[in-house]
*Asks:* 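So that we are looking at the same thing, I have put the structure below in structure tokens.
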Protein chains: 2
Amino acid sequence: MNTKQQIVAYSADMLRTRGFNGFSYLDISRELGITKASVHHHFPKKQDLGLALCEWTEEWLVQGFKHFEEHGISEWDKLQRYARAATKHCLSEQMMCPISALHGDLNKLPLEMQQALQVLDNIELDWVSRVLQAGIDAGEFKAADDPRGLASVFIFSCKGALYYARLHGKELFHQTMQQFEKLIKE
Amino acid sequence: MNTKQQIVAYSADMLRTRGFNGFSYLDISRELGITKASVHHHFPKKQDLGLALCEWTEEWLVQGFKHFEEHGISEWDKLQRYARAATKHCLSEQMMCPISALHGDLNKLPLEMQQALQVLDNIELDWVSRVLQAGIDAGEFKAADDPRGLASVFIFSCKGALYYARLHGKELFHQTMQQFEKLIKE
DNA sequence: TTCAGCCTACCTACCTGTAGGTAGGGCGTC
DNA sequence: GACGCCCTACCTACAGGTAGGTAGGCTGAA
């Protein structure tokens, strides 16, 4: 892994624990044992790093969805895998979803990053909508006239509960996902 | 309104647009035309200001719930009023929920503020849980074995959709709330 | 009434440590 | 020599905070 990739990897961790404006080039330089100016060499402006992080996030998303599709034994199982993947680091390492982290700093992001974030949102909403629609078609879930709206409920429930789990413990997360499951199945 | 109250009022706006770590004493001093040291006079450390903001948020919450209770003509109407109140500034002024804002900076908040935030979360979850339970008892909503988990779904759906509405427009917000309504009524 | 002491609310000046960034240079590899 | 990747040194502008001070108002005692 070359220096540039190390910068992105470490920055992705920081994005998820402190948000985009919560870590600096000095943080990165200290972690990797290089100078700040060297970080600037690879990413001249923080926006450049931010866009690289959006690309990283998209890759992370796309690979995740591919994995869930390959291993999910039902549509609900795919959604559960999504939720479990999101949980994986949250409860032990206090990490949030990178997309949520970017939304938290939305007002301070340059336009280009906002546009990249919009793309990420749609990738995620599209995938969950498709899984829900497939589940409805297969009789796993109750009929819904707007899978995208329903996908929103699922995504926001999941992410919100993960945010809160950092302070309230994982029980609330499980309660939330359980109620969502009952709502779409019963 | 004295200086201290002005500091809190302005800080509350900043909390909701930039997050707790997104504005500084210099920002406040510039806005109010006083020096930074004068801000420190009223709130020696930023944590003191943070705790005052938590109090402000609690007052804002409690008054909101009182208003929704007084004017709500059904349990769903109360929840809709909650959602509409949250929407009121979000779509025009890019303001987020203060509680969400604090959660976004959770890892960087001193312990005392984290504890105050936990209290705020519970106040909100408790109120929504009670409204949902009353609606279930009155036959407005379908039975649920865990009103608190259901309250989580509602709150997170609402807040998440507001976050996204800043970037995607209000349609997604309405879709989300509409699907939630169908889920608990049909 | 006057005055000392105290309080509130502000001020200037200063501190350490960044945060994002710029300019010029060195070194190793091909 | 060219280039990638690093470096030192520096810039402006903070961010949270500290120390010492001033001004005006209030209160109680002489």
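Naming: A, B, ... by sequence-line order, numbering from 1 per chain.
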*Asks:* Taking only heavy atoms on the protein side, list every residue of residues 28-45 of chain B lying under 4.0 Å from any atom of DNA chain C, sorted numerically.
*Replies:*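 By residue number: B:I34, B:T35, B:A37, B:S38, B:H41, B:H42.
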*Asks:* Please tabulate, for side-chain N and O atoms in residues 7-16 of chain A, each donor-acceptor pair with protein atoms closer than 3.5 Å (sequence neighbours left out).
*Replies:*
from	atom 1	to	atom 2	distance (Å)
A:S11	OG	A:I7	O	2.7
A:R16	NE	A:M96	O	3.1

*Asks:* Could you tell me the separation between the CD atom of B:Q6 and the C1' atom of C:dT8, rounded to a whole number of Å?
*Replies:*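 Result: 16 Å.
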*Asks:* Can you see whether A:F65 has A:K78 sitting over its ring - NZ or CZ less than 6.0 Å from the centre and within 45° of the normal?
*Replies:*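 Not satisfied by the 6.0 Å and 45° rule.
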*Asks:* Atom CE of B:M113 to atom P of D:dG16: distance rounded to whole Å?
*Replies:*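 Taking atom P of D:dG16 as the reference, CE of B:M113 is at 12 Å.
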*Asks:* Only one of B:H40, B:H42, B:H41 passes ring-ring contact (aromatic ring centres under 6.0 Å, His included) with B:Y25; say which it is.
*Replies:*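 Per the ring-ring contact (aromatic ring centres under 6.0 Å, His included) rule, the option paired with B:Y25 is B:H40, out of B:H40, B:H42, B:H41.
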*Asks:* What parts of residues 17-26 of chain A reach DNA chain D, counting only heavy atoms under 4.0 Å away?
*Replies:*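 Result for residues 17-26 of chain A: none.
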*Asks:* Please say whether more than 12 non-hydrogen atoms of neighbouring residues, nucleotides or ligands are located less than 6.0 Å from NZ in A:K142.
*Replies:*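 Yes.
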*Asks:* Take atom CD of B:Q47 and atom P of D:dG16, then tell me their distance rounded to the nearest Å.
*Replies:*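 Taking atom P of D:dG16 as the reference, CD of B:Q47 is at 13 Å.
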*Asks:* Quick one: side-chain hydrogen bond (donor to acceptor under 3.5 Å, both in side chains) partners of B:Y82, sequence neighbours excluded?
*Replies:*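 In terms of side-chain hydrogen bond (donor to acceptor under 3.5 Å, both in side chains), with neighbours along the sequence ignored, B:Y82 is linked to B:E124.
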*Asks:* Using the rule given for salt bridge (charged side-chain N to carboxylate O under 4.0 Å, His left out), can you reason through B:E140 versus B:K185, listing the C-alpha separation, both sets of side-chain angles and the distance that settles it, and then say yes or no?
*Replies:* CA-CA 7 Å; B:E140 274 190 72; B:K185 288 189 176 181; 5.4 Å; no
*Asks:* Can you list the residues that meet the side-chain hydrogen bond (donor to acceptor under 3.5 Å, both in side chains) rule with A:E112, with sequence neighbours excluded?
*Replies:*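 A:E112 satisfies side-chain hydrogen bond (donor to acceptor under 3.5 Å, both in side chains) with A:Q47 only.
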*Asks:* B:D126: what forms a side chain to side chain contact (heavy atoms under 4.5 Å, CB included) with it, not counting sequence neighbours?
*Replies:*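 Once residues adjacent in sequence are excluded, the partners of B:D126 under the side chain to side chain contact (heavy atoms under 4.5 Å, CB included) criterion are B:N122, B:R130, B:R148.
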